[in-house]
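What follows is one structure encoded as structure tokens, with my remarks underneath.
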There are 4 protein chains.
Amino acid sequence: MTPAETATLRPRIEGEREQEIFEAAIDVLAEVGYDRLTMDAVAARAKASKATLYRRWNGKIPLLIDALLNSKEHSHSPADTGTLRGDLLEMFCGMGGLTDHDSVAVFGSVVTALCRDEEFAAAFRTEFIGPKSAASHAMFERARARGEIGEHVDLDLLAPALAGIVMHRVFMLGELPDEGLVERVIDQIILPAATHRPDTVAGARTSHTRTSPRTQKDLT
Amino acid sequence: MTPAETATLRPRIEGEREQEIFEAAIDVLAEVGYDRLTMDAVAARAKASKATLYRRWNGKIPLLIDALLNSKEHSHSPADTGTLRGDLLEMFCGMGGLTDHDSVAVFGSVVTALCRDEEFAAAFRTEFIGPKSAASHAMFERARARGEIGEHVDLDLLAPALAGIVMHRVFMLGELPDEGLVERVIDQIILPAATHRPDTVAGARTSHTRTSPRTQKDLT
Amino acid sequence: MTPAETATLRPRIEGEREQEIFEAAIDVLAEVGYDRLTMDAVAARAKASKATLYRRWNGKIPLLIDALLNSKEHSHSPADTGTLRGDLLEMFCGMGGLTDHDSVAVFGSVVTALCRDEEFAAAFRTEFIGPKSAASHAMFERARARGEIGEHVDLDLLAPALAGIVMHRVFMLGELPDEGLVERVIDQIILPAATHRPDTVAGARTSHTRTSPRTQKDLT
Amino acid sequence: MTPAETATLRPRIEGEREQEIFEAAIDVLAEVGYDRLTMDAVAARAKASKATLYRRWNGKIPLLIDALLNSKEHSHSPADTGTLRGDLLEMFCGMGGLTDHDSVAVFGSVVTALCRDEEFAAAFRTEFIGPKSAASHAMFERARARGEIGEHVDLDLLAPALAGIVMHRVFMLGELPDEGLVERVIDQIILPAATHRPDTVAGARTSHTRTSPRTQKDLT
DNA sequence: CAATAAACGAGACGGTACGTCGAGTCTTCCT
DNA sequence: AGGAAGACTCGACGTACCGTCTCGTTTATTG
């Protein structure tokens, strides 16, 4: 009678059953993508009834949000290596899971869903992106506290940049990334931006609008 | 009577008729959004038949992509302003068409197709990404020729970075971008990365930290 | 509350629901005719979905056949009146459902299917023609047992003759039959053929002719 | 200049070109049946344009009527053999063309069309059935003039009976007929009905309604 | 003997119905 | 009592065919 002991035959959606449904949903998502994922398919794979799914979730979107949140352990472990560079490498060591083709497919489906469904987007941003973003921010704040980042650098701009650059290459350019790519982006873009002196580019910043193009050539 | 002059009454989908369909699609898109846009609705508004739409486009996504690309002029004109900053601002002034919510929705739909359909991905990358990428590269090459970019900077890494950062904010963070955002990214990330001196960054990388530079090099 | 008593509200297609769909089909058929009858119209009138109709029937023809067969009682009751004439009149009183123009149209549609689809033809002959044919044969056998039919008469030839003659008039000649027609065919063709004495006919065959009986036998 | 000499390259629909279209129509009709015959298919097979077909015929029905009328030579040759039996065998020697499976298919399609389209039915009955029916009637009238058929026999009933019985066996029972079948029907049904004495079956005729069933047993 | 008007093939077009599929609801059985 | 199974309504999908139309081209008759 105790729920913990009737493991294999428990009919109610509690814990393990829920996890099975999540896995089924993720499987189907990875196989056919968000658009072609149907509740029937998830129900069939989970050997559950559609009614059961709809009793617990409002539709495919809430179900997938829950599934994604529970499938990725997404441990926002601080991973304090003592340097921004180390922290970033640590955080992106697994590329956020974009290391194999299936994971890319799942994530791509999420992108579509983000653009398609405002409700899903809001929930996903709050519950999935939010924590990652917070962790990233904390990381950059620590770097700033250590003096690695100039006071004038906008962390809201810089913190998500690495992820953006990498994902753009994955989705738009069709690149399957490795850790070397991450490292190069960190060294050539993120860290230079974190450490640049404001006056160096201040001239360039105003050149197009206020100064003559000729003046800027001197900056190079 | 000359066929070249009977412009307004030509029935075939050639130029103007196509444009009418695009406008109908954009109209419906603006009214009901991507999800509730149906081919029937577009056909009805364009006074065309569904068969005509399907003869020319595979479905709503290709139709809408075409419609959005043709509605926005998205002129890949080199736009040589004389400075990298000016060129970048010029190129991204319209955000590549990602200025309104529906455009984002349609573009987001592409991502799934990119991950699922290799043929579509190839075509998209060749015909859509390709020209933009080439224009961007040319722009950076000009900047390097002018001396705005250091020799050690990897343009293959830097050129797509701005688009990646912006699109990441749009898709993942749900930000509707304005030109100010583009300007800030250019000034705070792209230009610093373009103009950084390798040793300067190396210094920044190691200065104000608790670990030695040597230790970090091991991480590379 | 007992499931057996909730007759009017049962949603599944079981008996009464099916009957409602049949009635809707017959209604639409009567209103717009066979050609302009659409599955959408039937579904709308029956407050059913097209999917439900297609789940149960292959298309409009099977649906209408069922509808017509179920609307007409077409009871294949043996109807033993004691005479062949009475039995035949009894059996054909409803013409097998061919009493109105639409029924003829639907039944006529079967003919093409019979010529085109061997599987359908087999099923139709087994399940629809078969019982009628068996009942007809039994009827003629009873008549022979009573002595109404000569021993030399081929019942396999005579039993389907009435139906053939009547249907030919209906389909080919466009006659809408009444019971009087059936009666005249019975009296003037079926019963004479059933009761003729072989020698009598042979005499008739040769008498009043210009050629010899021998000559005609060669034609056989 | 003479139309008979420009045979292979004549573009206008005159004579031979028309015949080619008719053959194409009959071919398609035999292959896919009336329902699935499309104007596109006929046009494609005839290497003609749909516009050409519609210029000359109003739709598939007039086209098919013309095609059927011109394909079957349907020579209503009197074929006066001197006896009804001989005439009937002569007339049905080719079964009206129902000797092979394809012809049966074509004719079956016609039956469907007869039931589906009142316009086609009217035209077909006037132009195709009519002459055949008249020829048959003339044949029976000659027989009556020779004394082979009793005065009380209704020729309107008897004349179409043979065709009806045979076609019923072909379409409904799925029998591919041979000449032996025709002969047996003639000898066992048509000729007995033609030569029967009215008083022989008069009792049977009234038995079901006016006399007792018992009385009729005496008639056998 | 070119020029012209008619008729042609080819096939896109607007429209209508088709038959299928998925979402979300509901009922029935089963455990 | 609650879940599995699956039929149901609704609505959009993408396809097929109809009958009309516009294209160029070819043919037979004119200027």
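Everything numeric here is computed off the predicted structure, so don't read it as measured data. Residue numbers start from 1 in every chain, and the chains themselves are labelled A, B, ... in the order their sequence lines are given, proteins ahead of strands.
The CG atom of Asp40(A) sits 15 Å away from the P atom of dC8(F) (whole-angstrom rounding). The CG-P distance, from Asp35(B) to dG24(E), rounds to 11 Å in whole Å. In this structure, CZ of Arg17(B) is placed 16 Å from P of dC21(F), rounded to the nearest angstrom. Between Glu16(C) atom CD and dA7(F) atom P the separation is 20 Å, expressed in whole Å. Atom CH2 in Trp57(D) sits about 15 Å away from atom P in dC18(F), given to the nearest Å. To the nearest angstrom, C1' of dG6(F) lies 13 Å from CG of Leu53(A). Note: CG (Leu64(A)) to P (dA23(E)) measures 11 Å, nearest angstrom. At whole-Å resolution of the value, CE in Met39(D) and C1' in dC21(F) are 16 Å apart.
Ser49(D) contributes a side-chain N or O that forms a donor-acceptor pair with the base of dA10(E) under 3.5 Å.
Contact between the side-chain N/O atoms of Thr52(C) and the OP1/OP2 oxygens of dT9(F) is found at a separation under 4.0 Å. For Arg56(C), a side-chain nitrogen or oxygen approaches OP1 or OP2 of dC8(F) to under 4.0 Å. Dashed line: the shortest gap from a side-chain N or O of Arg55(D) to OP1 or OP2 of dA7(E) is not under 4.0 Å.
Annotation for Asp35(C): atom CG counts as buried by contact number, over 12 foreign heavy atoms lying within 6.0 Å.
Nearer to the 5' terminus of DNA chain E, by closest-nucleotide assignment, is the contact made by Lys47(B) (compared with the other of Lys47(B) and Lys50(B)). Take the nearest nucleotide of DNA chain E for Lys60(C) and for Ala51(B): the residue whose nucleotide is more 5' is Ala51(B). Summary of the strand contacts: Tyr54(B) and Ala46(C) both lie near DNA chain F, and taking for each the nucleotide with the nearest heavy atom, the more 5' one is attributed to Ala46(C).
Across every non-hydrogen atom of Val28(B) and Arg45(B), the tightest pair is CG2-NE, 3.6 Å.
In this structure, Ile61(A) reaches neither bases nor backbone, as no heavy-atom distance under 4.0 Å exists between it and the strands shown. Note on Ala43(D): nothing from the nucleic acid sits closer than 4.0 angstrom, heavy atoms only.
Here the side chains of Val42(C) and Leu64(C) are not in contact, with every heavy-atom distance at 4.5 Å or above. The shortest distance between side-chain heavy atoms of Phe22(B) and Leu63(B) falls below 4.5 Å.
Between Phe124(D) and Phe107(D), the ring-plane angle classifies as perpendicular under the 30° and 60° cut-offs.
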